[in-house]
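Quick caveat: nothing in here was measured; it's all calculated off a predicted structure.
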Amino acid sequence: MGLKAVKTMLKGLWVGSTMTVPGVSGGTMAVVIGIYEELIEAVNGFSKHPGKYALFLLQFVLAGAAGFLFFARFITYLLQNGESAEVVRFFFCGVVLGGVPLLVEKSQVKKLRFREILAISCGTLVVLLLARLPQGLFAGGNGFSEILLQAAGGFLIAVALILPGISATHMLYILGIYEQVLEQVYQLKILELLPFAVGGILGTILTAGAMAKLLETKTELVYLAILGFVMGSLETLIPTGKLQHPFAGIAALVAGFAFLYLLSRRTGER
């Protein structure tokens with residue numbers, strides 16, 4: 001195995017591991033470690049030149065899956081533990097907020113006019129509507145319609161995977177299937193995950209080119225819409241009810257913000 005292959009797999013391992021945290025965007029992590037453009041090129045070019053990109057994509061995907069699987073065990077344990085769940089959710093909120101400065105910077109917005117406010121509002125509205133879909137809608141099942149809905153959920157996750165700033169795992173949280181999917185990954189329930197995975201693969205192939213073009217031609221509006229999406233999605237993460245560990249929660253929120261903010265600063269230095 002050559003040095004390039006080792007680097008690709010290490011980067012895949014890092015992206016896969018961080019993606020288990022709601023609020024951490026796989027796209028942002030790929031940008032931070034300098035592999036995002038290469039990934040988009042490989043996904044877009046695979047259908048025309050499969051031999052050129054197949055090995056690179058296989059190495060990245062396998063390493064990413066390994067990282068996700070390993071870290072999923074840890075995250076699942078924390079969310080199911082009554083003592084840590086509240087603090088972990090505060091950390092996730094901080095991570096989401098930590099990505100906001102990067103999105104504002106990437107939008108290159110100079111002033112807020114009607115169209116900029118509209119873009120942010122549309123992003124916020126989309127996530128609020130998604131969060132109000134019936135719980136378990138994308139949870140899957142044995143029926144044909146349920147399988148199609150699970151595949152549709154995978155398609156939505158694929159969009160989140162491609163766009164920097166949107167967390168795929170946060171999208172899982174919004175759709176109400178975060179813990180379910182992590183548990184299936186944790187227990188290696190491959191057949192139950194198959195419709196979801198197929199939808200995700202199709203979504204990635206079909207939307208990568210369109211998203212790349214949109215980011216190139218409508219950069220400001222796309223990133224402002226993503227900003228609205230991110231801000232609206234905080235509603236699904238904020239702990240409700242009486243807080244058991246408020247001070248630890250605040251500390252976790254600050255730590256989460258610092259974690260993603262400092263990582264995103266590396267993007268600006270490249």
Side-chain angles (χ1 to χ4, degrees), residues 14-33 67-68 70-107 120-121 123-128 130-132 157 160-161 163-179 181-182 223-269:
W14 168 250
V15 172
S17 298
T18 55
M19 277 174 53
T20 58
V21 180
V24 177
S25 161
T28 297
M29 289 299 104
V31 170
V32 167
I33 62 178
F68 191 94
F70 174 79
F71 219 66
R73 294 171 177 259
F74 179 60
I75 295 296
T76 301
Y77 170 77
L78 291 179
L79 286 173
Q80 292 178 346
N81 187 318
E83 289 297 314
S84 59
E86 177 184 289
V87 176
V88 169
R89 291 183 69 181
F90 268 114
F91 177 81
F92 290 166
C93 288
V95 169
V96 171
L97 291 171
V100 169
L102 175 64
L103 292 173
V104 173
E105 181 181 317
K106 282 190 168 294
S107 73
I120 296 172
S121 301
T124 304
L125 181 61
V126 167
V127 73
L128 290 177
L130 282 173
R132 278 155 181 77
I157 300 304
L161 278 170
L163 282 175
I166 297 182
S167 162
T169 42
H170 198 173
M171 178 71 85
L172 288 173
Y173 217 107
I174 293 167
L175 297 179
I177 53 176
Y178 175 75
E179 293 185 33
V181 171
L182 254 65
Y223 276 109
L224 287 176
I226 295 173
L227 176 61
F229 189 102
V230 168
M231 296 305 295
S233 64
L234 281 171
E235 181 193 32
T236 62
L237 285 176
I238 298 174
T240 56
K242 185 178 179 180
L243 299 179
Q244 302 296 319
H245 309 286
F247 295 110
I250 293 172
L253 188 145
V254 172
F257 180 92
F259 168 71
L260 198 65
Y261 178 79
L262 293 175
L263 278 177
S264 68
R265 289 304 88 197
R266 288 192 58 194
T267 305
E269 294 168 3

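The nearest pair of heavy atoms linking Phe257 to Leu97 is CE1-O, 3.4 Å. The nearest pair of heavy atoms linking Glu86 to Gln244 is OE1-N, 2.9 Å. Nearest heavy atoms, Gly256 versus Phe91: CA-CE1, 3.4 Å.
Ala251 meets the side-chain contact (heavy atoms from CB on, under 4.5 Å) test with no other residue; sequence neighbours excluded. Take Leu78 and apply the side-chain contact (heavy atoms from CB on, under 4.5 Å) test, not counting sequence neighbours, and it matches Phe74, Ser84, Val88.
A distance of 12.0 Å separates SG in Cys93 from CD1 in Ile250, rounded to the nearest 0.5 Å.
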